[in-house]
Amino acid sequence: MQFTLEATDPHSQARAGSFTTAHGTVQTPIFMPVGTVGSVKGVFHRDLRDEAGAQIILGNTYHLYLRPGVELLEKAGGLHRFCGWDRPMLTDSGGFQVFSLEGIRKITEQGCRFQSHIDGSSHLFTPENVVDTQRSIGADIIMAFDECPPGTAEHAYALKSWERTARWLERCFDQFQKTACPYGYGQSLFPIVQGCTYPELRRRSAEFVRQFNADGYAIGGLAVGEPAPVMYEMIDIVNEILPADRPRYLMGVGTPVNLLEAIARGVDLFDCVMPTRNGRNGMLFTSEGIINIRNQKWADDLSPIDPAGSAFVDHTYTRAYLRHLFVAGEMLGPQIASLHNLGFYLWLVGQARRHIVEGTFTEWKAHMIPKLEHRL
RNA sequence: GGGGAGAUACCAAAGCGGCCAACUGGGGCAGACUGUAAAUCUGCUGACUUAUGUCUUCGUAGGUUCGAAUCCUGCUCUCCCCA
């Protein structure tokens, strides 16, 4: 995988670039819709590509391992073929699930033993078998198996956790080098920086992971309860250390404002459930502000969902109609809102990219942020 | 014509002398959601209010009682069964 840096903003750390994988090229900065179990909930892959403009989507090792299982995915020829998405794909390792399965999992040096949230059965994830599973899933970018501690973690735990994640990283790369993707194309393994909100741990973690000369690097363990300014500070610290000629992926972030702030700090890749989950729950992000479509105020608003939006749903349907669908509990409502939000997120990063290339990113960002926070 | 049951807030439906401004659903209104155990979860929903406060409510008119949505009587209406 080759990352090309195409432009940098003169007034910030923002950059525009592109990288190519076996399934195509991705232009950064980019947002990756989350398709945990091989489905971006409520959105056809065709609409994801043609309407929302997605270039790369996520899958999740934990969920796909449990269901439908590695055997079927291998039989299908990998997740791309199984789900009908022929563009780049990234799989998360399950580290975040380890974190969220609090109470039904046990972390040891070997790995993490956990109970399936589906049937309670016991499973063990290790750095090695998580790499193996991701080989079988066949995503273009696969993630190291890490532990994602809560934002409130004490220093002692943050240190212990990060050191273990670092040892797991070595095992991930060992296994990665000993194996190959069964479908004949190359994959990239991204390490993940941890260290909670402790600057010196973040520095040590970033310095540690950069030794692996990976195709790209991820920043994990943020937006997990810490204040946004702290998150931004951690991004600044880490990005000063991560190599400039590799893509940087801020995992699980975030709000539209988070995206612009992180892009300004040199982040290239994002993923977040927010556009889809909040969309399903009636919250729309637009270039003029945030809409809670269930609110009474939209009941007779026959204007388009988002006149500035690029997806067909934005001008085909009215706000009143979308509200009606939500109020009536129709599944089309969440589908429309999800597609709209994904289209908006991708429009936003696309605009960011354009303004970086044109050298106007910083002023454009200053102009956008109040609008993004505004509640319509 | 005879017999029986019932009328509770927007709807449905509990309550059957004080802990009732009234359980619970639904509906309505608002909020939350950040590497998806989420098409989920949380508030509020008689009026006036910051309220631990006051006022008006349980078909309707009276009555019993210190006290009634709850007991008694009349009236109105609804439903069911038999003719």
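Just so it is clear: chains get the letters A, B, ... in the order the sequence lines come, proteins before strands, and each one is counted from 1. All heavy atoms count here, side chains included; hydrogens, waters and symmetry mates do not.
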Which nucleotide in C29(B), U34(B), A37(B) has an atom nearest any side-chain atom of Cys272(A): U34(B)

Can you tell me how far P in A30(B) sits from the matching atom in A47(B), rounded to whole Å? 16 Å

Length of the line joining Asp92(A):CG and U34(B):P, which is rounded to integer Å: 15 Å

Distance between the P atoms of G53(B) and A21(B), in whole angstroms? 11 Å

Tell me the interatomic distance from Tyr65(A), atom OH, to G35(B), atom P, rounded to whole angstroms. 23 Å

When all nucleic acid strands are considered with a 4.0 Å heavy-atom cut-off, which category describes Ile104(A): base, sugar-phosphate, or nothing? base

Could you measure between the two C1' atoms, the one in C11(B) and the one in G1(B), and give it in whole Å? 36 Å

Take atom CD1 of Ile219(A) and atom C1' of G35(B), then tell me their distance rounded to the nearest Å. 12 Å

For U60(B) versus C10(B), give the span between their P atoms, rounded off to a whole number of Å. 13 Å

Does Thr276(A) make a side-chain donor-acceptor contact with the base of U36(B), cut-off 3.5 Å? yes

Taking atom P in both A51(B) and G28(B), compute the distance separating them and give it to the nearest angstrom. 26 Å

Which atoms form the tightest heavy-atom contact between Leu269(A) and Met32(A), and what is the distance? CB-CE, 4.0 Å

Which part of the nucleic acid, if any, lies within reach of Arg375(A) when heavy atoms closer than 4.0 Å are counted: base, sugar-phosphate only, or nothing? sugar-phosphate

Side chains of Met368(A) and Leu348(A) in contact at under 4.5 Å (non-hydrogen atoms): yes

For Phe173(A), which of Phe190(A), Phe212(A), Trp168(A), Phe208(A) qualifies under ring-ring contact (aromatic ring centres under 6.0 Å, His included)? Phe212(A)

Residues from residues 227-240 of chain A lying under 4.0 Å of RNA chain B - heavy atoms: none

Can A37(B) be described as syn, meaning its chi torsion is within 90° of 0, or is it anti? syn

Nearest-0.5 Å distance, NE2 of residue His80(A) to NE2 of residue His23(A): 4.0 Å

At 4.0 Å (heavy atoms only), tell me whether Gln194(A) reaches a base, stays on the sugar-phosphate, or touches nothing. base

Upstream residue (5' side of RNA chain B) when Ala328(A) and Leu101(A) are each assigned their closest nucleotide: Ala328(A)

Sugar-phosphate or base contact per nucleotide [nucleotides 38-44 of chain B; S, B, -; heavy atom under 4.0 Å]: BBB----

Which heavy atom of Asn341(A) sits nearest a heavy atom of Gly279(A), and at what distance? ND2-CA, 3.3 Å

Inter-residue atom distance Met143(A).CE - Ile192(A).CD1, 0.5 Å rounding: 4.0 Å

Base, sugar-phosphate or nothing for Gln335(A)? Non-hydrogen atoms, less than 4.0 Å. nothing

Whole-Å C1' distance, G46(B) and A69(B): 15 Å

Can you list the steps and then say if Arg246(A) with Asp215(A) is a salt bridge (charged side-chain N to carboxylate O under 4.0 Å, His left out)? CA-CA 6 Å; Arg246(A) 305 292 155 90; Asp215(A) 287 339; 5.3 Å; no

Provide, to the nearest angstrom, the distance between the CD atom belonging to Glu226(A) and the P atom belonging to U34(B). 12 Å

Atom-pair distance (CD1 on Ile141(A); P on G35(B)), nearest Å: 18 Å

Separation of C33(B) C1' from Asn292(A) CG (nearest whole Å): 12 Å

Which nucleotide, in any strand shown, forms a Watson-Crick or G-U wobble pair with U60(B), with both distances under 3.5 Å? G74(B)

Can you tell me the Watson-Crick or wobble partner of C33(B), both distances under 3.5 angstrom? none

Could you tell me how far G31(B) sits from G35(B) if I compare only their C1' atoms? Round to whole Å. 25 Å

N or O in side chain of Arg323(A) less than 4.0 angstrom from C29(B) OP1/OP2: yes

Within the modelled atom types, does a donor on one side and an acceptor on the other bring the side chain of Asp146(A) and the base of G35(B) under 3.5 Å apart? yes

Sugar-phosphate, base or nothing in reach of Ser100(A), heavy atoms under 4.0 Å: base

Under 30°, 30 to 60°, or over 60°: which ring-plane class applies to His123(A) and Phe114(A), parallel, tilted or perpendicular? parallel

Which part of the nucleic acid does Leu58(A) contact within heavy-atom distance under 4.0 Å: base, sugar-phosphate only, or nothing? sugar-phosphate

Please check the phosphate of U36(B) (OP1 and OP2 only) for any side-chain N or O of Gln97(A) closer than 4.0 Å. yes

Main chain of Arg294(A), side chain of Arg323(A): is a donor-acceptor contact present, judged purely on distance under 3.5 Å? yes

For Met283(A), answer base if it contacts any base atom (sugar-phosphate contacts may also be present), sugar-phosphate if it contacts only those atoms, and nothing otherwise; contact means non-hydrogen atoms under 4.0 Å. base

With a non-hydrogen cut-off below 4.0 angstrom, is Val224(A) in contact with a base, only sugar-phosphate, or nothing? nothing

To the nearest angstrom, how far is Asn295(A) atom CG from C29(B) atom P? 9 Å

Using atom CD1 of Ile293(A) as one end and atom P of C29(B) as the other, report the distance to the nearest whole Å. 12 Å

Does the structure show a Watson-Crick or G-U wobble partner for C10(B), both distances under 3.5 Å? Name it, or say none. G26(B)

Just say parallel, tilted or perpendicular for the rings of Phe3(A) and Phe19(A), cut-offs at 30° and 60°. tilted

Between atom CZ of Arg167(A) and atom SG of Cys172(A), what is the distance when rounded to the nearest 0.5 Å? 13.0 Å

Should G1(B) form a Watson-Crick or G-U wobble pair with both distances under 3.5 Å, which nucleotide is its partner? C82(B)

What distance do Ser188(A) atom OG and Met1(A) atom CE have between them, rounded to the nearest 0.5 Å? 5.0 Å

So what does Gly94(A) touch, heavy atoms closer than 4.0 Å: a base, only the sugar-phosphate, or nothing? nothing

Is any side-chain N of the basic residue among Glu128(A) and Arg171(A) closer than 4.0 Å to the acidic one's carboxylate O? yes

Expressed in whole Å, how much space separates the C1' atoms belonging to C80(B) and U64(B)? 32 Å

Compare the minimum distances between each of C29(B), U34(B), G31(B) and the side chain of Val253(A), then state the nucleotide with the smallest one. U34(B)

